[in-house]
Amino acid sequence: MVLDSAEFHSAVYSVVRQIPVQKVTTYGHIAKLVGMPNHSRHVGQALKYLSPDTNPPVPWQRVVSSTGAISSRGPGTDGAQRQREALEAEGVEVRIGRTGELLVDLKEDGWFPSPSEIQIENEG
DNA sequence: AAGGTGACGCCTA
DNA sequence: GTAGGCGCCACCT
């Protein structure tokens, strides 16, 4: 498996598509599920390179960092806000941290299946 | 070719 | 509970 391959991307997408509504998981856990536990950053890359018209859709809003924080994507961008709105529209509670960070409760809404509980397109 | 960056995560003070 | 440092590796300059 090569990191920047279509294979890697489709593996990531197939996992993300299996996140249930009103649940969230982390970049790191997805990395583990696709068999590359030290490549959480590349999970973010794969989502970043998603096109809006990807079909079937990939619920990228259900992926957050290991602390439960929604990644800001840098000061001039609205990605974090759009992710918050998408999550709240699904019924997921999003809190605001002291420094204005958007936080979800991983204890309550986290979804961390073992690899055997999911299907990975490339391997199945 | 070389160095910096990033939709991250873990370990240590 | 918070902050800072380091590891990670494809991509961009």
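Order of the sequence lines sets the chain letters (A, B, ...), proteins ahead of strands, with each chain counted from 1. Everything numeric in this text was worked out from a predicted model, so none of it was measured.
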Start at the 5' end of DNA chain C and walk down; is the nucleotide closest to A:T99 or to A:R41 reached first? A:T99
What parts of residues 68-88 of chain A reach DNA chain B, counting only heavy atoms under 4.0 Å away? A:S71, A:R73, A:Q83
Run the salt bridge (Lys or Arg N to Asp or Glu O under 4.0 Å) test against A:E108 and tell me which residues pass, sequence neighbours left out. none
Rounded interatomic separation in angstrom, taking OH from A:Y49 and P from B:dG6: 12 Å
Find the distance A:H9:NE2 to C:dC9:P and express it as a whole number of Å. 16 Å
Enumerate the side-chain hydrogen bond (donor to acceptor under 3.5 Å, both in side chains) contacts for residues 22-36 of chain A, please, sequence neighbours excluded, ordered by first and then second residue. none
Options B:dA7, B:dG9, C:dC9, nucleotide nearest the side-chain atoms of A:H39: C:dC9
Using the side-chain hydrogen bond (donor to acceptor under 3.5 Å, both in side chains) rule, collect all pairs that involve residues 54-67 of chain A, keeping only residues at least two apart or in two chains. A:S51-A:T54, A:Q61-A:E90, A:R62-A:E90, A:S65-A:T67
Taking the minimum atom-to-atom distance to the side chain of A:H42, which one of B:dA7, C:dA10, C:dA3 wins? C:dA10
Across all chains, not counting sequence neighbours, the side-chain hydrogen bond (donor to acceptor under 3.5 Å, both in side chains) partners of A:S116 are A:S114
Looking at residues at least two apart in the chain, or sitting in another chain, which of them share a side-chain hydrogen bond (donor to acceptor under 3.5 Å, both in side chains) with A:D78? none
Which residue, A:Q45 or A:S65, contacts DNA chain B at a nucleotide closer to its 5' end, judged by nearest heavy atom? A:Q45
Got a sec, which residues hit side-chain hydrogen bond (donor to acceptor under 3.5 Å, both in side chains) with A:R41, two or more places apart in sequence or on another chain? none
Could you pull out all residues at least two apart from A:Q18 that satisfy side-chain hydrogen bond (donor to acceptor under 3.5 Å, both in side chains)? none
Taking N or O atoms only and anything under 3.5 Å, show me the protein contacts with nucleotides 10-13 of chain B, one pair per line.
none

Which whole-number value in Å describes the distance from A:L47 CG to C:dA10 C1'? 15 Å
Spacing of A:H29 atom NE2 relative to B:dA7 atom C1', expressed in whole Å: 18 Å
Specify the separation, in whole Å, of atom CZ of A:R98 and atom C1' of C:dT2. 7 Å
How are the rings of A:Y49 and A:H9 set relative to one another: parallel (under 30°), tilted (30 to 60°) or perpendicular (over 60°)? parallel
Could you grab the distance from atom CD1 of A:I118 to atom CG of A:L33, nearest 0.5 Å is fine? 4.0 Å
Using whole Å, what does the distance between atom P of nucleotide B:dA7 and atom NZ of A:K48 come to? 5 Å
